[in-house]
Amino acid sequence: MISSSEHTGTATGAGTATTTATGARQTGTVPAVDLPFRYGARLAGDIERRWQQAWSERGTFHSPNPRGPLSDGFDRVAERPPVFVMDMFPYPSGVGLHVGHPLGYIGTDVFARYLRMTGHHVLHPFGYDAFGLPAEQYAINTGQHPRVTTEANIDNMRRQLGRLGLGHDARREIATTDVEYYRWTQWIFLRIFNSWYDDQADRARPIDELVTELETGTRQPRGDANPHNRPWSALSTTERRRVVDGHRLAFISEQLVNWCPGLGTVLANEEVTAEGRSDIGNYPVFRRPLRQWMMRITAYAERLIADLDLVDWPDSIKQMQRNWIGPSDGASVEFDAVGSDVRVEVFTTRPDTLAGATFMVLAPEHPFVDTLTPDAWPPGTPAAWTFTDAGQNAADSGGSNSGGSNSGGSNSGGPAPDWTPRAAVAAYQDYAARLGDRQRGTDEIPRTGVFTGAYVTNPVTGTAIPVFLADYVLMGYGTGAIMAVPAHDQRDFSLARTLGLPIPAVLAPNAEWLDEHTVPTGTAPDAWPEAFAGEGEYLASSGVAPSLVGLSKPDAIKSTVRWLEDVGAGRAARSYRLRDWLFSRQRYWGEPFPIVFDDDGLPVALPDELLPVTLPEMTDFRPAAMADDDVSDPVPPLARVSDWVGVTLDLGDGPKTYRRETNTMPQWAGSCWYYLRYLDPTNSERFVDPEVERYWMHTPSGPPGDGGVGLYVGGVEHAVLHLLYARFWHKVLYDLGLVSTKEPFKRLFNQGYIQADAFTDARGMYVPAADVVRTADGGFTHEGEPVNRRSGKMGKSLKNSVSPDEMYDSFGADTLRVYEMAMGPLDADRPWHTDDIVGSHRFLQRLWRNIVDEATGVAAVSDAGLDTDAARTLHRTILAVQADYAGLRFNTAVARLIELTNFVSKRYGGSGELPRELAEALVLMVAPLAPHIAEELWARLGHETSLALHPFPPADESLAAESTVTLPVQVNGKVRFTIEVPAGADEQTVRAVLTGNEEYARHTVDRTVKRVIVVPGRIVNIAVG
RNA sequence: GCGGGAGUGGCGGAAUGGCAGACGCAGCAGACUUAGGAUCUGCCGCCUUCGGGCGUGGGGGUUCAAGUCCCCCCUCCCGCACCA
């Protein structure tokens, strides 16, 4: 414990040293020989280091658990309501922090400190997301082992953040790379692997229960997990295992994945930019079918949308998650193949246009392609349908011209004899695979497609329609097959034009559309400039389905769906944009899978006792080098450690050899559950003690499953990646009864970004912003040359980083904390201006000088009570600051505290007459924002214990009230004068004072007073004519 | 194109429908100083004939009263974008 007398000695010694410290910038200092206790960068640094050490030694921010190894001292806080406040943990990069990084960390710390002072038991932990591509890329670039660089980076970040005085419970610090942490990441993976989604119960269940149901026959295997639809009893042991594996929430599947040769790994959809490049490194990404681990997040699509209603998150983030999941309502319709027993299922949002479906399009990767494609072209197949020249025609042709020259398709002599449907389909599949998703996703390249040679029957018209493959149909969405309605869908329209397919209308375009496109009424769809996708009048059709004439679009859809259900050709369906989560990476620096493969090549879960599966040591952990066009399979680095890959285990049926999974988990795995490990970080028996989990996470007053982290602060960039994955894992854990809440994060807050001016020279290159000087005319120069000012996110690439270390050296950490909180609302982006920070520094200087004699370091306060004016000012401030802290409005809290400090300066300025009551309340209120100076002042005011748990000053409304109030008086809405009335004066009193005022006479003379509005305590408005 | 957010002094920003510009930076004037990049005091939206007039991206509306609520438009930022 630090007493004020002990400080005096330390501070005096250090203070003397200031006279020789001429090299340091000494903003706000005067010759220290005169004022050794002037609050400047040096004294601040001294105070901050001492208090950081004191907090650490005393365990000031340790939050005891209700039971278990961290429960010491729980009795003292048992009565306090628990609150869990945390940040999105960072990944420790090698370049260190800039002042933009800690914005959110300061915000949560201020809030956590405020909550401690208002009677809460606060859990405020911190950790590091240290696995993953960025850490590994950095390690590769610097030629060192990732663990070495990662640990060095964590040390540096811990040092930089430590100087901010963040009140974290250091005992709970975790890094996702800790073996004792990723052991439990693997354990959770096994829970997911050993679960399946029961659609009827709408929750995950242990896989053993599925096996039981399959064996007893109470449940049939899901179709897509059992391709040949044979009964369970007829399946071999291996076939049964495949069926079961096909139900798991973590499963291996051959999928079209995002293959990034530049990174030597596959990536999740969420990690690929709209330009078809990797989020990290900006390398090109290609679509390739590979066998990879997937997580069945799509099973949770509906709950991930619905449960957004349970959380207090920014609407924008909720909306982004909804958009990402992308639900869309429509129908699934089955088309019977002509001449075989295959039924092709399509998803459509427009079943009302089924009568206009004149062809079908499958994704090139659709599993039925092989089955459907015949050996020979049907008679009369137009050459344009057969993708001759293996796509050359598509690549060379110039858009609509090619469509025109091929239209009709009947003028050609048919394909060459060796050009079979199978050859054409294979060529097209090859062509489509070479296109990135981005190219497949643009209107800029001409539509291409190939006829499979197969026909299916349109259930409404009963006619046979040709089946094509086209790159614009994606295997990952819906069923990977569509019914093409060229008249009413632009993509289908374009392809129909290219291939010369009929375009019958189902709907008559409305007048606005015809007008806008200058199309005469009654024009045949073939002559339309584009498809008509709007709402219009249904035309009479000759199909077997009921007529839609006269119906609205929703009614027409309903009517069609009902008919489809009646005839067994379809049903209402919902589809999602969300894809299953690609979960494996061909990298070294990640969690190994707790999975081995047996002789059948099927995955086997390791038993919990064999966890953790640790990363083997390697000297060369780089991914196998790959050219962009390399088509070979990726080789994970771990596959090269042959004595690790091969392993002999006894998994219950005697020792056998197995082959380990050599992929590793993606970076997101570790961040999916770290908030749970904070709760019980030292538990070696469980991933978290259920009682501890319930204590911190569950809201006892709410409905079952209510709760989650009380406040979670981080950047918007995690809106869909981390937050969606973590919610998914959490829901699985909830379904399995392992956590008590439905959602992981009850309240989410996105802090803004700190922007900074950046400067470019004549060549457009960024120059170091620190070296740019402002010229007299308001321009900017760098080394004498004029430069242009731009603004952008602070960072290395724009050469505009400002390091927190510089700010500690120039002003101290408290000043940096106050400035970052004062510069604007926490959720707003704001520009950094180092020049502005002196305002926050001056505030703390005035605060200090109001209480401490700068020559002696002794606190000088009076024991006199407060007069009404001081009491009113104080209590008004308490009320306002309290509300601001509680509402995370730290910028206005700072403003209020500056006002109170300025009031104190003006009123008592150095006289020693400052009442202790006022001084202490001010110090306590400043404490969450600037905890070091507050602790120091608190100690110098004679207190022997930290103020961290001291009650926040109580506000007294009656003391805050004015005895008289000044009411503005408006005349026709413009303020003209003011009147003084007693506080709480009723309307009659106000009117009496008003009409007695000479200004009232002046403003109403020669005019008619039509009305006088009195809002007691607020305002008066006189309406005159 | 679809969805979301934001436009207020020279700058960052304040304002439960009730005195627009709190607080801070920059700027101006003064005091104290050998000195000021310290401190303290005052001024600080625009125009003005000193009565006042005009002001929260633009235009309408509701209201005694609109930065705030409603409608239309403009600009900027973010997310999604062959998703059938």
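As a basis for the values below, the full set of heavy atoms in this structure was taken, side chains included, without hydrogen atoms, waters or symmetry mates. Worth saying up front: this structure is predicted, and the values here are computed from it rather than measured. By convention in this document, chain letters (A, B, ...) are assigned in the order of the sequence lines, proteins followed by strands, and residues within each chain are numbered from 1.
Listed for the Asp580(A) side chain is a donor-acceptor partner under 3.5 Å among the backbone atoms of Thr298(A).
In the set G3(B), G12(B), C19(B), G3(B) carries the atom at the smallest distance from any side-chain atom of Asn323(A). The Tyr477(A) side chain lies nearest to A84(B) when the options are G18(B), A84(B), C23(B). Of the candidates A84(B), C54(B), A22(B), the closest approach to any side-chain atom of Lys974(A) belongs to C54(B). The listed nucleotides are G13(B), G18(B), C83(B); the one nearest the side chain of Asn1021(A) is G18(B). Taking only side-chain atoms of Asn902(A), from C-beta outward, the nucleotide of C23(B), U39(B), G53(B) with the closest atom is C23(B). Relative to the side chain of Pro968(A), the nucleotides G18(B), A14(B), C19(B) differ in distance, and C19(B) lies closest. Listed candidates were G53(B), G13(B), C83(B). Nearest to the side chain of Arg976(A) is G53(B). Nearest to the side-chain atoms of Arg1018(A) among the listed nucleotides A38(B), A84(B), G18(B) stands G18(B). The nucleotide whose nearest atom lies closest to any side-chain atom of Arg577(A) is, among A81(B), A84(B), A14(B), A81(B).
In this entry the distance linking CD of Gln845(A) with P of G37(B) reads 16 Å, nearest Å. Per the geometry, CZ belonging to Arg849(A) stands 9 Å off C1' belonging to A38(B), to the nearest Å. Spacing between atom NE2 of His841(A) and atom P of C25(B) amounts to 12 Å, rounded to whole angstrom units. Separating the CG atom of Leu900(A) from the C1' atom of G24(B) is a distance of 17 Å, rounded to the nearest angstrom. Between Trp324(A) atom CH2 and C2(B) atom P the separation is 21 Å, expressed in whole Å. Rounding to whole angstrom units, CD of residue Glu820(A) and P of G12(B) are separated by 18 Å.
Between C47(B) and G61(B), the two P atoms lie 29 Å apart (nearest whole Å).
At C19(B), none of the side-chain N or O atoms of Gln970(A) fall inside 4.0 Å of OP1 or OP2 (strictly under the cut-off). Phosphate contact (OP1/OP2 of G12(B), side-chain N/O of Arg830(A), threshold under 4.0 Å): absent. Proximity of Arg889(A) to the phosphate of A14(B): no side-chain N or O atom is located under 4.0 Å from OP1 or OP2.
Salt bridge Glu345(A)/Arg571(A): present, at least one basic N to carboxylate O contact under 4.0 Å. At a threshold of 4.0 Å, the pair Glu998(A)-Arg1002(A) does not count as salt-bridged, since none of the basic side-chain nitrogens sits closer than that to a carboxylate oxygen.
Between the side chain of Arg846(A) and the base of U39(B) there is no donor-acceptor pair of N/O atoms closer than 3.5 Å. For C25(B), its base never sits under 3.5 Å from the side chain of Asp836(A) at any donor and acceptor pair.
Ring geometry for Tyr39(A) versus His841(A): interplanar angle of 30 to 60°, hence tilted.
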